[in-house]
Each structure stands twice: as structure tokens, then as C-alpha cells.
2 protein chains.
Amino acid sequence: MSARGRCHSAPPRPRTGTTVKASRREAGVRVSVQHSGRGPQAASGEPVRRATMKDVAALSGVSIKTVSRVINGVSTVSDELRDRVTRAIVQLDFQPNLAASSLRRTDGATRQIALLLEDVANPFSATLSRAVENVARDHDSLVFAGSLDEDPQRELELVRAATLHRVDGIVIVPAAPDHGYLHREIRTGTPVVFVDRPPRGLAADAVLATNTEGAREAVLHLADHGHTEIAFLGDTRTISTVGERVAGYRAALAERGLPERPGRVVTDLPDTASAARAVAALLDSDRPPTALFTAQNLVTIGAIQTLQERGLHERVAVVGFDDFPLADLLVPRVTVVAQDVVRIGTLAVRRLFERIAGDDAPPREERVPTTLVVRGSGEIAPPR
Amino acid sequence: MSARGRCHSAPPRPRTGTTVKASRREAGVRVSVQHSGRGPQAASGEPVRRATMKDVAALSGVSIKTVSRVINGVSTVSDELRDRVTRAIVQLDFQPNLAASSLRRTDGATRQIALLLEDVANPFSATLSRAVENVARDHDSLVFAGSLDEDPQRELELVRAATLHRVDGIVIVPAAPDHGYLHREIRTGTPVVFVDRPPRGLAADAVLATNTEGAREAVLHLADHGHTEIAFLGDTRTISTVGERVAGYRAALAERGLPERPGRVVTDLPDTASAARAVAALLDSDRPPTALFTAQNLVTIGAIQTLQERGLHERVAVVGFDDFPLADLLVPRVTVVAQDVVRIGTLAVRRLFERIAGDDAPPREERVPTTLVVRGSGEIAPPR
DNA sequence: GACCCTGTTGACAACGTTGACTCAGCAGAT
DNA sequence: ATCTGCTGAGTCAACGTTGTCAACAGGGTC
């Protein structure tokens, strides 16, 4: 944007309808320039200075401080002045400058929070994101979302960017193996709430799913449908949820007196393709499992791909951890242990806003229960 | 946050491993308080004041202005001073106060852009969001995303919130029927780029899909597989893409000399459920269609639901507009006209950053081509 | 009438940074 | 030796707001 002009003179402004278009093509994208009489966008009607409190004060004949009081809802302003100021604000379309405000204020609030997740484009993150947005709205705060891609380095960068922008707080689905570095941020007044995975090397609030219990329930479900050969397939081992889910798997096997066969716990499957390959390998082994517990979204999908390719989708039982869209349109419909993602997100931001408001109770860990959603794929009986 | 303290004395800090937990239950969520020796989160090690340029200047023995120069990469600083300042910055963990900076700077840049979309939780929006984030990262900018839920009122509110926070620019998938109100924002220096749907009553940049051509291609595809009874099912009529896709549908029918039967164009299906009902109604009509062109994501899914329920999914052909996850795992796999969402998002933000950089060329409309993805559901032949 | 209290308003400085300007020092031209 | 121009550094004010404090009006009390 060029320097702010002072010129307020209105340019000639013909009707909008007269737009003429001319097309050309570049690299598959069709571009058309709009030769409207209104002229270029950025210069449309000369850049205009935004009104400040000073302008409002001048127009309503009061001091700047009184304008500030009206805006902040301070009660010691007479009705008459409040009225005059309010009218001036509307007339000038005044919006206070948040930067100046947060610079001066003692609490330094910016009314922005950061949400750092795995990848805004995956369904878990997207749902979380929406839940967080809804709560943030009630607190007049904006949410900026960042994707970590399970990369610790990226986590550092984004936390850094967040504090650079002086966000009021951070909700994070962490990727880093250690969070000691967050100590400094918390001490300088940026509270952090962990979601889905607990902090390591740091005491902080966390909202998590009951991973172990959920996994246990899933595997018991399979065992109770007659399966004795149940495999575990999961995401990257270093993610804490994976460990918890493995623990649940083992607890269920032990509870039903089933042995854990070697090679039946496969982890470090970060995407659909690797999960698909892992399932293929299992099926090709000497003693193929008759049931699969897929401990994550993408793993479940990869598994189903392989089963479909081999025509085994009506033969091998599958229970997945975490629900996903269209799970109930596949054949067979997919039985899952669903996390209450909206609940998790909501609790996490609420906690964050409590911290922002000054709550300094000891950090808490909240566990949100999962639900077994029976749909078909988990109720397939073992052969013979 | 309580008032900033000055106390820098380090509290006793025992090992982390000694955390003790106590559980209780409230409304299904298990809560455990962490009685770690480190004490409450917010007070952990007393709140600490953030370093300012003044501190850096004092530590390195230069003026504040020189610190500013170093941070902004001004070349007229001797190597020695630059070194001293850099070391002080690291030592104090200094991060410049962006609020103060943008307050003082002539361009007033905040390094934040807003992304307003239908709903961060739907796949189209989520993909767009990720694409925007990636480009924004290159410009050291943060993105905050907001969901409009197709609500014009909400659009006004969120644009308002965005300008209140003085974002450098806005990328928007609009919901409002008229965008004249944006004139003011553009003139005060907040450029706006439209995505998926063009602006109305305003000249502004837009990046759109080739809706008409894509729809035409889909319907020609169905006709060329022998269908003469093809229905159109679409989202809310007021959305411009819907109109364009209807136009493409009609163009294709005309091109193949097929009549448009009454009641075959069904719109205003905002969600899966209503789409499912609409398909049921069509199938129950006197002359049921043998093929469906579903002009939006959720509509496609709703249609498939009904077809599956009736066991017609291998009988009635379907081509959808817009790809969706798992489209290739359904039975039959779903043929779609895919939009290049990543491309659309990328072009849009790039354009936005050009505007932010001061480009004041006339507004442009770019059209990104669609691709027909043949998978099975669109190649089902009509009965007999 | 002097005193105090309360409630409303404004003057002023300060938040942390950067733009405009100044100034000292020095090299090269005169 | 003086002048000019340039380079590197510093001083000061200003961005738009809010916290602190003082001033003032009006009312009630003694």
C-alpha cells in the first residue's frame, strides 16, 4: 500500500454494470481484467485515513479520554456525552486501534489466540478448529491456526511466531518431544493448553481422550466376536497416544487370556499408503490376523484400501480409533471408537480463557471418554 | 493475567518426575490435578517482563535506534555494533513488539491476514486453508480463519473483526449477496480477494473454478454413456456457483439435443440429508432419472446414501462436482469433476500479497480449470 | 459559610517502536 | 586550509490508546 494520502475528494464513479472484460490464457488459468470505470481496486476513491479517537473527540466536543471511557464501557460518563460520542463513532465509522490499545493496557491483551495442530486439512484438526473458533467468538477473540505436520522444528517456529504476535494464549496439539522451552513463554504471560497429547517436561493444562480405555474397549469388542488373532496398527511410535493405545490393546488381550503374537503390533505408519502396505504384509504372513485394530484415522483408511483390493473387506474384521466422514457409507460400514473432538476442543479453549483471565490454579489434566460406534466392520466373525 | 511483577528471583525447582496425581470425576470427564513441586502454571517462576529494545540497547551499549536498525536489517550499521546488538538480542530472548511497530510504521502492516470461508471443518475449506497458510508462511504472516456458515450477517461481523484487528488483507469465500460494504475497507487499505464466488456490486480480484465448463463436461460424460434422463441436484440457488453449474448442465443437454424435463433441476439442498430426500423424491417420480449430476460435495454424498439404501448404487450413474476424501473407497468409486482447490487458494493469496505490496492494477478474475476424474459411478450404463 | 464527599471530566505521560532530522568524523576536492 | 559530501550513529517526536492524577461542580453536613 502506498503512503496514506490526505486527499478526500471523491473521484468520478460511473455505474458498476459497465464492466468490460478481456481474456487471455496463462498456464491453464484464464485471466480476465475488469476495465470498469471505477478504476484500479487499490486506488478506488483514493486511500482514506482511518478515524481515530481524536477525530471522534473533536466531532463530539469532548476529550479523547471520554471517548476512551465510552468505548471501554466505563460507567462514570453522563448519558448525554455517551450519546454524543456514540453518534460520532457511528458517523465516522470509528474502530479503535487494537495495537495501540494493547500497547498501552496493563494486561496487554491482543484478543488473539493461536491454535497449533497437526494439519488444518485433516478432519480431526478441522473439527477441533471449528470448536475452538466457536468458543473464541464468545470471547471476542480471533483464532489463528497453524499446521505443525508432526515436525518439532515447525512447532518451535510457530510458537515463536505466536508470541511474536503476542497472542493471549496457545492451544496446541504438540509435535515436539519436550516442552521445556515453553516455560519461558508461560512465564512471560502466554498460557498454553495441550490437546490430544500431554506436555513433556512441563506442567501445563491438557485435555486428552481416554486412549487406553478406548483401545481396550475396541479390542475387547473384537475378542468378544470370537477373534483371537488381532493385530494392532498405529501411527508414529513417539506420539504419546500411540503408546496409550498399544497399552489398551495389550490390556484387552491379557484380560481375555489371548497371547500377543510377535509382529502383531505394527507402528510408525504415518500415512494411508504405509498403512496399506503394512496390512498387506500382515495378510501375507504365516498366521494372518482375522481382525485389525487400526489405532488412527489414516491407518484405518489404508487398511480398508488393502482389504478392498484383496476382496477381504467382508472377511476381516476392523475397528478403528477415531471416527471419520463417510465411515458409514463404506461397505461394510466401519465400526470405530469415536473421540468427542468437539468436546475436547471446547474444554481446551475454555481452560485457556480461564488462564487468560488470570486463573493460576495448578495445571489439570482432563480426560474425555470415547464411544464405541458399532456399524458392521467390527462385528464380522472369524472364518469357521 | 495478574499485573506484571518485577521479581526475578528463581523459585526452588525440584525434578519433574515427582508429579503426583489425584483424580475426580465431573460430568463424564476425568480431571486430575498435578501437584508437582513446581507449583501452579501461571505463577511458575513469577511472571516476567518481556525485554524491549531499551533493554537490548542498554546491554549492548548503543542507542535504541541502532537496535531498531539492526532488527530491520538497515545496512548503515557497522559490523561491530551489529554483532553486539545481535548477541544482546539472543541473550535477552528479545522479540520486537509488533503492536508498537505497526502502530508507528507508515504502512501499518500487522503481518496478519484473514481467511473467511464457509466452514473450516468442511474439506473444501480445510484444503483451501492449508494452501493459504503455506503461502502466508513465506510472507511471515499469520492467517486467521473464520467460518461464515453461509450467513451474510456473520460475514459482516467477521470482516468487521478482521479490520478491527487491522489485518493486512482478506481472502474470502463470500456469503453475502452484495459486497458494496467492502468499498470502505478497501479504501482504508485492506485489500480483499474473492475465492470460489465473484464479488457483487464491487470490483475486486477473484479466483474461481470453471464451473460452467466443468458441469458441462460432467453432463456430456453421462450423456455419452447413453443417458438421456439426467437430473441436476445442487446447493442453495443464490450461490453463484450453483447458477453457473446449472448453465453448464443446460448447455450439455442442448449440445446433445436432450430435452430438459420439468422438475429435473433441484436446488437449495444445503446439506446431506436434504439431498438424500431430494434423490428419493426423484426416484419415486413418474419418470425417474437414470443418471445424477450432483453439483456439490455434500449433495453427492446425500445422493449416494439414498442410492445405497435402495440398492441402486450399481444402477444409477452419478457424477459429482468437487472431489472428496474416500470417493475412491466407496462402491462404486465415485466419478467427479475435481476442482484444483490448492491451486485456487494459492493463486488467491498470492494475489492478495501482491495487493498488500502495493499493486494497484485493475482487479482481475482468474478461472482455474476443473478435471474429470473417472472412477466408476459415472460410467454406469442406463438400464437396457 | 467552611468542609468534605461523590461523581464527572480532562491534562498529561507513557506503552515500544520508527521516521525525520541532526551531528560528528572523515575523505576527497578545491 | 576550507569546503563539500558521505557515512554511521544518535535525538526527538510521534503513532493511538489508556492509567494516573488533578480539577471542578454539586450536594449534604456541621
Side-chain angles (χ1 to χ4, degrees), chain A residues 1-4 6 49-85 88-89 92-111 163-166 188-189, chain B residues 1-4 6 49-85 88-89 92-111 163-166 188-189:
Chain A
M1 217 97 334
S2 52
R4 289 171 180 167
R6 321 255 121 203
R49 198 176 58 85
R50 269 190 244 261
T52 70
M53 283 197 180
K54 210 158 134 188
D55 302 320
V56 176
L59 180 60
S60 47
V62 300
S63 79
I64 249 185
K65 180 74 227 206
T66 300
V67 177
S68 168
R69 281 194 259 258
V70 171
I71 284 173
N72 292 288
V74 174
S75 60
T76 63
V77 179
S78 70
D79 290 350
E80 201 222 317
L81 289 197
R82 183 185 312 282
D83 251 42
R84 293 219 311 260
V85 170
I89 288 175
L92 295 174
D93 187 41
F94 169 74
Q95 288 189 295
N97 185 321
L98 241 47
S101 170
S102 89
L103 181 61
R104 190 61 182 84
R105 297 186 104 106
T106 340
D107 64 3
T110 55
R111 303 203 157 283
T163 58
L164 177 63
H165 284 257
R166 301 290 194 269
T188 49
Chain B
M1 215 105 335
S2 52
R4 289 172 181 168
R6 305 258 122 219
R49 197 176 58 86
R50 266 192 246 260
T52 71
M53 284 198 179
K54 210 157 133 189
D55 302 319
V56 176
L59 181 59
S60 48
V62 301
S63 79
I64 251 186
K65 182 73 229 208
T66 299
V67 177
S68 167
R69 281 194 259 257
V70 170
I71 284 173
N72 292 288
V74 175
S75 61
T76 63
V77 180
S78 70
D79 290 350
E80 201 223 316
L81 289 196
R82 184 185 311 281
D83 251 42
R84 294 220 308 262
V85 170
I89 288 176
L92 296 173
D93 187 40
F94 169 74
Q95 287 190 296
N97 185 321
L98 241 48
S101 169
S102 89
L103 180 61
R104 190 59 183 85
R105 297 185 105 104
T106 342
D107 64 3
T110 55
R111 304 203 155 284
T163 59
L164 177 63
H165 284 258
R166 301 289 195 270
T188 49

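Just so it is clear, the values below take in all heavy atoms, side chains as well, and ignore hydrogens, waters and symmetry mates. Every chain is numbered from 1 and lettered A, B, ... according to where its sequence line falls, protein lines coming before strand lines.
The shortest distance between the side-chain N/O atoms of A/Thr106 and the OP1/OP2 oxygens of D/dT18 is not below 4.0 Å. Between B/Arg104 and D/dA14, a side-chain N or O to OP1/OP2 separation shorter than 4.0 Å is absent. In this structure, B/Thr76 does not reach the D/dG8 phosphate: none of its side-chain N or O atoms is under 4.0 Å from OP1 or OP2. Within the structure, a side-chain polar atom (N or O) of B/Ser68 is placed less than 4.0 Å from OP1 or OP2 of C/dT18. At the phosphate of C/dT18, OP1 or OP2 sits under 4.0 Å from a side-chain N or O atom of B/Asn72. Between C/dT18 and B/Ser101, a contact under 4.0 Å exists linking OP1 or OP2 to a side-chain N or O. A sub-4.0 Å separation between OP1 or OP2 of C/dT8 and a side-chain N or O of A/Ser78 is absent.
Looking at heavy atoms from C-beta onward, A/Val70 lies out of side-chain contact with A/Val67 at the 4.5 angstrom threshold. Contact of the A/Leu81 side chain with the A/Arg69 side chain is not registered, since no non-hydrogen atoms from C-beta on lie closer than 4.5 Å.
A donor-acceptor contact under 3.5 Å is formed by the side chain of A/Arg69 with the base of C/dG10. A donor N or O paired with an acceptor N or O is found under 3.5 Å between the base of D/dG19 and the side-chain atoms of A/Lys65.
Of the possible donor and acceptor atoms, one in the side chain of A/Asp107 sits under 3.5 Å from a partner among the backbone N and O of A/Ala109.
Look at CG on A/Asp79: it is 9 Å from P on C/dT8, rounded to the nearest Å. The distance from atom CZ of A/Arg50 to atom C1' of D/dT17 is 15 Å, rounded to the nearest whole Å. With rounding to whole Å, B/Ile64 atom CD1 is found 14 Å from D/dA13 atom P. Residue B/Leu98 contributes atom CG, which lies 15 Å from atom C1' of D/dC15 at whole-angstrom precision. B/Asn97 has its CG atom 13 Å from the C1' atom of D/dT17, to the nearest Å. In this structure, A/Leu103 atom CG and D/dG19 atom P are separated by 12 Å, rounded to whole Å. Across the protein-nucleic acid pair, B/Glu80 atom CD and D/dA9 atom P stand 9 Å apart, rounded to whole Å. Whole-Å rounding puts the A/Arg49 CZ to D/dA14 C1' distance at 14 Å.
With values rounded to the nearest 0.5 angstrom, B/Arg105 atom CZ is found 5.0 Å from B/Asn72 atom CG. Here OG1 of B/Thr110 is found 8.0 Å from CG of B/Leu98. Values are rounded to the nearest 0.5 Å.
The 5' end of DNA chain D is approached more closely, in terms of each residue's nearest nucleotide, by B/Leu81 than by the other of A/Pro96 and B/Leu81.
Side chain of A/Ser63, nearest nucleotide from D/dG10, C/dG10, C/dG16: C/dG10.
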